Amino acid sequence: MPLERPRAEQRKWWIIGTLGVALLTAFCIWFGIQWTSNTVTANQHSFKVLADDRIQVSWDVIPSDKNKPVTCTLIALNDRRDVLGSKSVSLKPSPYDSTTYTDVVRTTSRAVSGTVKECHYTGEKARGE
């Protein structure tokens with residue numbers, strides 16, 4: 001059984017509705033691509049307390065653009081999650097999909113944890129700023 005054709009006054013709303021759905025879909029696809037492209041992912045690898053005033057942090061960096069330098073911020077925390085020290089680390093472009101880095105953060109007192117707070121392309125603002 002074939003479907004009835006919409007009446008002329010309804011046809012206008014079907015066209016407007018179809019165009020609206022198509023535009024909204026295109027916007028969602030564009031937004032998703034923009035949000036995920038040109039990003040740097042940083043994953044905590046490990047940390048090691050070296051002394052009362054130093055902690056070593058290791059992390060992986062996964063850039064979407066391997067030709068850009070990256071800047072990462074490392075932080076050292078106490079048991080109340082207060083920041084005891086931080087360090088900004090500039091990294092050269094790497095030809096690899098993922099690269100592990102290790103650096104030492106100086107602290108004001110003994111830290112119990114060290115982590116990478118965020119990474120972004122050098123000269124660009126971090127996503128949360």
Side-chain angles (χ1 to χ4, degrees):
M1 176 161 107
L3 293 174
E4 291 183 31
R5 238 182 142 163
R7 293 185 308 243
E9 58 270 3
Q10 289 179 330
R11 191 174 307 143
K12 174 180 80 169
W13 291 111
W14 276 99
I15 292 171
I16 291 171
T18 302
L19 288 174
V21 169
L23 287 173
L24 185 61
T25 301
F27 174 76
C28 290
I29 291 170
W30 172 81
F31 185 79
I33 291 171
Q34 286 298 109
W35 187 252
T36 58
S37 65
N38 205 28
T39 59
V40 180
T41 303
N43 297 319
Q44 176 68 39
H45 195 271
S46 65
F47 67 89
K48 180 179 180 182
V49 178
L50 300 176
D52 285 346
D53 65 343
R54 290 184 318 245
I55 190 164
Q56 178 178 290
V57 179
S58 295
W59 73 103
D60 297 321
V61 175
I62 306 165
S64 61
D65 185 346
K66 297 182 221 174
N67 298 318
K68 290 183 176 181
V70 173
T71 300
C72 294
T73 302
L74 309 176
I75 57 173
L77 305 169
N78 66 9
D79 56 355
R80 294 188 316 248
R81 302 192 52 83
D82 298 324
V83 176
L84 301 177
S86 66
K87 183 176 187 178
S88 182
V89 182
S90 297
L91 308 171
K92 294 179 182 177
S94 171
Y96 305 106
D97 290 335
S98 176
T99 307
T100 300
Y101 296 94
T102 301
D103 210 326
V104 175
V105 178
R106 296 191 70 70
T107 62
T108 56
S109 60
R110 188 171 185 84
V112 298
S113 175
T115 189
V116 57
K117 181 179 178 185
E118 58 90 18
C119 290
H120 58 88
Y121 291 113
T122 304
E124 297 180 13
K125 288 186 176 181
R127 284 256 183 214
E129 293 181 7

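Numbers here are sequence positions counted from 1. This structure is a prediction, so every number in the text was calculated from the model and none was measured.
- A 4.5 Å side-chain heavy-atom check between Val105 and Ile75 finds every atom pair outside the cut-off.
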If you look only at distance, which donor and acceptor atoms sit under 3.5 Å apart when one is on a side chain in residues 90-97 and the other is two or more places apart or in another chain?
residue: Ser94; atom: OG; partner: Tyr96; partner atom: N; Å: 3.3
residue: Ser94; atom: OG; partner: Thr99; partner atom: OG1; Å: 2.8
residue: Asp97; atom: OD1; partner: Lys66; partner atom: NZ; Å: 2.8

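- Atom CZ of residue Arg54 and atom CZ of residue Arg110 lie 11.0 Å apart, to the nearest 0.5 angstrom.
- Linking ILVMFWY side-chain heavy atoms closer than 4.5 Å, directly or via other members, places Val57 and Val49 in a single hydrophobic cluster.
- The shortest non-hydrogen separation linking Ile55 to Ser113 is CD1-C, 3.4 Å.
- Taking 4.5 Å as the limit, every side-chain heavy atom of Lys68 sits out of range of all side-chain heavy atoms of Thr122.
- Residues Ser109 and Asn78 form no side-chain contact, since every pair of their non-hydrogen atoms from C-beta on lies 4.5 Å or further apart.
- Between Asn43 and His45 the shortest side-chain heavy-atom distance does not fall below 4.5 Å.
- Atom CG of Leu19 and atom CG of Leu24 lie 12.5 Å apart (nearest 0.5 Å).
- Val70 has its side chain within reach of Tyr121: a pair of non-hydrogen atoms, C-beta onward, lies under 4.5 Å apart.
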Quiz item: Thr107 and Asp53: side chain to side chain donor-acceptor pair (under 3.5 Å), yes or no, with the steps?
Solution: CA-CA 5 Å; Thr107 62; Asp53 65 343; 5.8 Å; no
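- A distance-only check finds no donor-acceptor pair linking the side chain of Gln10 to the backbone of Lys12 [under 3.5 Å].
- Through direct or relayed side-chain contacts under 4.5 Å between Ile, Leu, Val, Met, Phe, Trp and Tyr, Leu84 connects to no other residue.
- A salt bridge (Lys or Arg N to Asp or Glu O under 4.0 Å) check over residues 82-91, counting only residues at least two apart or in different chains, returns the pairs Arg80-Asp82, Lys87-Asp103.
- Taking both residues in full, the closest heavy atoms of Ala42 and Trp59 are given as CB-CD1, 4.5 Å, listed atom of the first, atom of the second, then distance.
- Residues Thr41 and Val61 fail the side-chain proximity criterion, which asks for heavy atoms closer than 4.5 Å.
- Minimum interatomic distance between Val116 and Cys72 (heavy atoms only, all atoms of both residues): CG2-CB, 4.3 Å.
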